[in-house]
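What follows is one structure encoded as structure tokens, with my remarks underneath.
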2 protein chains.
Amino acid sequence: MTTTPTGSRARTRQAILDAAIEVMARNPAATLGDVALAADVGRTTLHRYFPERVDLLTALRAEAAARLDLARARARMGDDTGADAIRRLCQEYFDLGDVLLLLFREQVTLEDTPGGCDDEFEAMIRRGHADGSIDPELPAGWVQSLMWSQLYAGWSYLAEHHASRHDTLRLVLRCVAGAVRPQR
Amino acid sequence: MTTTPTGSRARTRQAILDAAIEVMARNPAATLGDVALAADVGRTTLHRYFPERVDLLTALRAEAAARLDLARARARMGDDTGADAIRRLCQEYFDLGDVLLLLFREQVTLEDTPGGCDDEFEAMIRRGHADGSIDPELPAGWVQSLMWSQLYAGWSYLAEHHASRHDTLRLVLRCVAGAVRPQR
DNA sequence: CCGCAATGGAACACGACTGTTCCGAATTGG
DNA sequence: CCAATTCGGAACAGTCGTGTTCCATTGCGG
């Protein structure tokens, strides 16, 4: 009753969310007016869908989490060696683009990610420790920090230099692999 | 005439800057009132030293740049192999603490660092390429992004987990070294 | 064609931060 | 002890983002 599944409401709402992701990723202090402008809707309409700023941010987090989950599912973290799995995960995450920057610039900490992530991630790292593809000296939490920071480095490198998306992804994967590999 | 070199003015000014670094590092949207409170001075006094917000931010950048230069000098980027030098640089930068977070959270991009840095940094990387301690496939700009992101990872790891500063530094150095080392 | 839902624009009140002024109190130093 | 400097608090106006209301317009479906 509350929703018109295929109505124009859903489309407008999504347009606002997409614009918000793009704008907020580039400028965390963006105004609601900025978002409305980018979404090509009136500020009044924006308030109609998200009465308060918090509501928009909440929906934004939910949207980001959903896309994050999708990427995580595609990565099949349970397959192959730990190093192979984390490589796939980085690749999928890298493709998230603006969502990635959003998760950084906003204070959307990793704790906000669905609880399942940490367990699955930790299992992947443990498997890597066991199969010799990840240095046992590196705790799972550290590898997670490492991966996120490398992804951020990739996108900031992309923004500052005029590197291609493809080459940058190669650099990210190359360096994450090198960082987690056992020393000798 | 305008300055009393060793007077209390210098001390107050420094107290404000120190407090600003700490506060702004943790919350980029901090109010001038927040900074004044942390510095244990009245907001009026703060305005007396930094008439407008921009003035404070400018001084903040200058202070950060100065500390950055000090750390860079201590690292002796011209000595030993490229990998050794970048290891020392990471170590010195890591010790900057809040200044590091400030450089991230604010939009103080790497371009703002004194021009000498890039040249010296690039020379260091090139030396590493030549002496075989750094993978020639990695451009200097990328290694710089890599290093900064790893430092950020270290401090965020430190904040989220209850790791010791010493262990975290070890992880950072370990992973930067692994990331830049030639693949085999 | 008519009506209802959706939209956009204008105007408004409200609160937060900023920058300024003024004045009394505290500290410093001669 | 006196005087100059430094400081802090209070009050004020100005600006900006927010949230709300009202109304006219558009567009889609029955």
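What you see below is based on every heavy atom in this structure, not just the backbone, and it leaves out hydrogens, waters and symmetry mates. Every chain is numbered from 1, with letters handed out A, B, ... down the list of sequences.
Across the protein-nucleic acid pair, A/L37 atom CG and C/dG8 atom P stand 11 Å apart, rounded to whole Å. Atom CZ of A/R11 and atom P of D/dG27 are 14 Å apart (whole Å). Between the CG atom of B/L32 and the C1' atom of C/dA16 there is a distance of 12 Å, given to the nearest Å. In this entry the distance linking CG of A/D34 with C1' of D/dC16 reads 12 Å, nearest Å. At whole-Å resolution of the value, CG in A/L46 and C1' in D/dT20 are 14 Å apart. We find that CD of A/E52 is positioned 18 Å from P of D/dG17, with the value rounded to whole Å. Atom-to-atom, CG of A/L56 to P of D/dG17 comes out at 16 Å; the value is rounded to the nearest Å. Atoms NE2 (B/H47) and C1' (D/dT6) sit 17 Å apart, rounded to a whole Å.
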Q) Passes side-chain hydrogen bond (donor to acceptor under 3.5 Å, both in side chains), A/Q14 versus A/D18? Steps please. A) CA-CA 6 Å; A/Q14 195 58 42; A/D18 289 343; 3.2 Å; yes
Q. side-chain contact (heavy atoms from CB on, under 4.5 Å) between B/S133 and B/R181: does it pass, once the steps are laid out?
A. CA-CA 6 Å; B/S133 64; B/R181 175 187 309 149; over 6 Å; no
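For A/D55, the CG atom is densely surrounded, since the number of other residues' heavy atoms within 6.0 Å is greater than 12.
Closest to the side chain of A/R43, out of C/dA11, D/dA11, C/dA6, is C/dA11. In the set C/dG19, C/dG8, C/dA6, the nucleotide with an atom closest to the side chain of B/R53 is C/dG19. In this structure, the nucleotide among C/dG8, C/dT7, D/dT18 sitting nearest to the side chain of A/Y49 is C/dT7. Of the candidate nucleotides D/dC7, D/dG17, C/dG19, D/dC7 has the atom nearest to the side chain of B/T45.
If you check every strand for non-hydrogen atoms under 4.0 Å, B/F50 touches nothing. Residue A/T31 is classed as a sugar-phosphate contact, given heavy-atom separations below 4.0 Å to backbone atoms only. When heavy atoms are screened at a 4.0 angstrom cut-off, A/D40 is found touching the sugar-phosphate backbone but no base atom.
Donor-acceptor pairing under 3.5 Å, judged by distance alone, is absent between the side chain of A/R48 and the base of D/dG19. In terms of polar N and O atoms assigned as donor or acceptor, the side chain of A/T44 comes within less than 3.5 Å of the base of C/dG9 in a complementary pairing.
Between B/E122 and B/R126 a salt bridge is recorded (basic side-chain N to carboxylate O distance below 4.0 Å).
Remark: aromatic rings of A/Y93 and A/W148 are close, center separation under 6.0 Å.
Not one side-chain nitrogen or oxygen of A/S8 sits closer than 4.0 Å to the OP1 or OP2 atom of D/dC28.
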